[in-house]
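Some notes on the structure that comes next.
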Number of protein chains: 2
Amino acid sequence: MKIDAVDRAILITLQDDAKLTNAELSERVHLSPSACLRRTKLLEESGLIRRTVAILDPRVAGIPGTAYVSVTLDSQGRKALDTFEAAVRAVPEITECYLLAGQHDYLLRVVYRDAADLERIHTDILTPLPGVVRIQSQLTLRTVKRSTKLPI
Amino acid sequence: MKIDAVDRAILITLQDDAKLTNAELSERVHLSPSACLRRTKLLEESGLIRRTVAILDPRVAGIPGTAYVSVTLDSQGRKALDTFEAAVRAVPEITECYLLAGQHDYLLRVVYRDAADLERIHTDILTPLPGVVRIQSQLTLRTVKRSTKLPI
DNA sequence: TTTGAAAACCAACCGAA
DNA sequence: TTCGGTTGGTTTTCAAA
């Protein structure tokens, strides 16, 4: 799909605030409401806009902690990876999981309420994940920046 | 603010799809439309729902790459940190930045279009960040899971 | 919880580039 | 032919009863 400057303006705006009415959005990108709505619909249908979601405040929600956890498996076979990944997907406390290049490790992002919660996650959830041989956690002192915006 | 099971159901649902109409949402959480709307408004006003945003598909957008970059500064003074963090916030390709516990490093999440783009970011953006003495990048082969949902 | 007015959506149609 | 604008019926919101 061809994206022009107006489409980019729509995407930038909606990545900041998807609750804008089409009327307001159309003003910001200097378009008529109907043209704006048509473009937005196309961006959704094309799959470029995948979904629109509510973002919660982790502190207000009582889940202020973030840790990055490196995990090494005892085997890199396809089956071992699939088993591990299926288990990861089922754990809500693991909000992100990446397969790393180079050393066949995984990097997990884990969110937690407090130190006790992190310990629970470590011992009851992470350690029992299938195939795990090494776990190394990096706690974060502070979130400097966290954006869902893609630099379109 | 007091959160009960129905509030949690609303939050879980809106974290998946914030485009639901109030009527649809109210059915899913087994509430009347007006009661549901009142609760949702309260959740927004309380700050628990911080914003609602459009999530783009990185592949369709042509920005499929993710790297995690560890950065060490030559100084940990308040002023050095502030300067570094202000610079980080101004870079759209750096989508996340955490101050790590333990070794006073930062962990950055960087998104990129292709290998050439990553090299550009590395040499033109990351290396010139104020105070940087060490940069270590971890590329990701694959995104196994990436969720914006908090485990409420 | 119900209701009704105001607002927003969005499909169909028209016109210009 | 494609893209933006206009119109009007339909849906949704949301505050008052």
Side-chain angles (χ1 to χ4, degrees), chain A residues 1-62 147-152, chain B residues 1-64 92 113 147-152:
Chain A
M1 179 182 180
K2 41 167 189 179
I3 299 295
D4 66 11
V6 176
D7 291 317
R8 245 188 303 278
I10 290 174
L11 293 172
I12 290 170
T13 306
L14 290 182
Q15 281 188 100
D16 251 338
D17 183 1
K19 271 231 160 148
L20 289 174
T21 67
N22 180 62
E24 286 169 329
L25 177 61
S26 69
E27 283 180 21
R28 296 208 191 175
V29 302
H30 309 297
L31 226 57
S32 74
S34 63
C36 183
L37 182 66
R38 189 164 42 237
R39 278 174 182 263
T40 304
K41 289 286 164 206
L42 284 176
L43 290 170
E44 286 165 356
E45 286 164 17
S46 76
L48 216 172
I49 297 178
R50 196 159 40 116
R51 57 215 305 236
T52 111
V53 302
I55 303 290
L56 307 191
D57 186 314
R59 295 205 185 148
V60 178
S147 169
T148 57
K149 279 172 87 167
L150 271 190
I152 279 286
Chain B
M1 180 180 180
K2 43 164 189 182
I3 299 295
D4 66 10
V6 176
D7 291 317
R8 244 189 302 279
I10 291 174
L11 293 172
I12 289 170
T13 306
L14 290 182
Q15 282 188 101
D16 251 340
D17 183 0
K19 273 237 161 140
L20 289 174
T21 67
N22 180 62
E24 285 170 330
L25 178 60
S26 68
E27 282 181 21
R28 296 208 191 173
V29 301
H30 309 296
L31 227 56
S32 74
S34 62
C36 184
L37 183 65
R38 184 167 49 245
R39 279 175 182 260
T40 304
K41 290 284 167 209
L42 283 175
L43 290 170
E44 285 165 358
E45 285 162 17
S46 76
L48 216 173
I49 297 179
R50 195 160 41 114
R51 59 217 302 238
T52 110
V53 302
I55 303 291
L56 308 191
D57 186 314
R59 293 200 186 154
V60 179
I63 312 176
R113 297 182 173 272
S147 169
T148 57
K149 281 172 87 166
L150 272 190
I152 280 284

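Residue numbering restarts at 1 for every chain, and letters A, B, ... go by the order of the sequence lines. Heavy atoms only: backbone and side chains are in, while hydrogens, waters and symmetry mates are out. Predicted, not measured: the structure shown is a model, and the values here were computed from it.
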* Taking C-beta and beyond as the side chain, do Gln15(B) and Thr148(B) meet within less than 4.5 Å on heavy atoms? -> no
* **Residue list, side chain to side chain donor-acceptor pair (under 3.5 Å) with Ser32(A), at least two apart or on another chain** => Ser34(A)
* Mind checking side-chain contact (heavy atoms from CB on, under 4.5 Å) for Arg51(B) and listing every partner two or more places apart, or none if nothing turns up? => Asp16(A), Ile55(A), Val53(B)
* Indicate the atoms forming the closest heavy-atom contact of Ile49(A) with Ala54(B), along with that distance. => CG2-CB, 4.2 Å
* Structure fact -> So the contacted stretch of DNA chain C, first to last nucleotide with an atom under 4.0 Å from a non-hydrogen atom of chain B, runs from dT1(C) to dT2(C)
* Structure fact -> Those residues at least two apart in sequence (or on a different chain) that pass salt bridge (charged side-chain N to carboxylate O under 4.0 Å, His left out) with Glu24(B) are none
* Would you say the base of dG4(D) and the side-chain of Ser34(A) have a donor-acceptor pair closer than 3.5 Å? -> no
* To do: Go through residues 35-46 of chain A and report each residue with a non-hydrogen atom lying under 4.0 Å from DNA chain C, sorted by number.
  => Leu37(A), Lys41(A)
Polar pairs (N or O, both sides) under 3.5 Å between protein and nucleotides 9-12 of chain D?
none

* To do: Send over the distance from Glu27(A) CD to dG5(D) P, rounded to a whole Å.
  => 12 Å
* How would you list all residue pairs meeting salt bridge (charged side-chain N to carboxylate O under 4.0 Å, His left out) that involve residues 33-42 of chain B, not counting sequence neighbours? -> Asp4(B)-Arg39(B), Asp7(B)-Arg39(B), Lys41(B)-Glu44(B)
* **Thr52(B) OG1 to Lys19(B) NZ distance, which is reported to the nearest 0.5 Å** => 9.0 Å
* Is Leu14(A) close to Leu56(B) at the side-chain level, that is, under 4.5 Å between some pair of heavy atoms? -> no
* With Glu27(A), which residues qualify under side chain to side chain donor-acceptor pair (under 3.5 Å), at least two apart? -> none
* Asked: Residues from residues 6-20 of chain B sitting under 4.0 Å of DNA chain C, heavy atoms only?
  -> none
* Structure fact -> With sequence neighbours left out, the residues meeting side-chain contact (heavy atoms from CB on, under 4.5 Å) with Arg113(B) are Ile63(B), Asp117(B)
* **Nucleotide dG5(D), atom C1' - distance to CG of Leu31(A) in whole Å** => 10 Å
* Structure fact -> For Asn22(A), the side chain to side chain donor-acceptor pair (under 3.5 Å) test, sequence neighbours excluded, returns none
* From Met1(A) CE over to Leu42(A) CG, what is the distance, rounded to the nearest 0.5 angstrom? -> 5.0 Å
* Mind checking what makes side-chain contact (heavy atoms from CB on, under 4.5 Å) contact with Thr13(A), not counting sequence neighbours? -> Leu20(A), Leu25(A), Arg28(A), Val29(A)
* Touch check for Ser32(B), heavy atoms < 4.0 angstrom, all strands: base, sugar-phosphate only, or nothing? -> sugar-phosphate
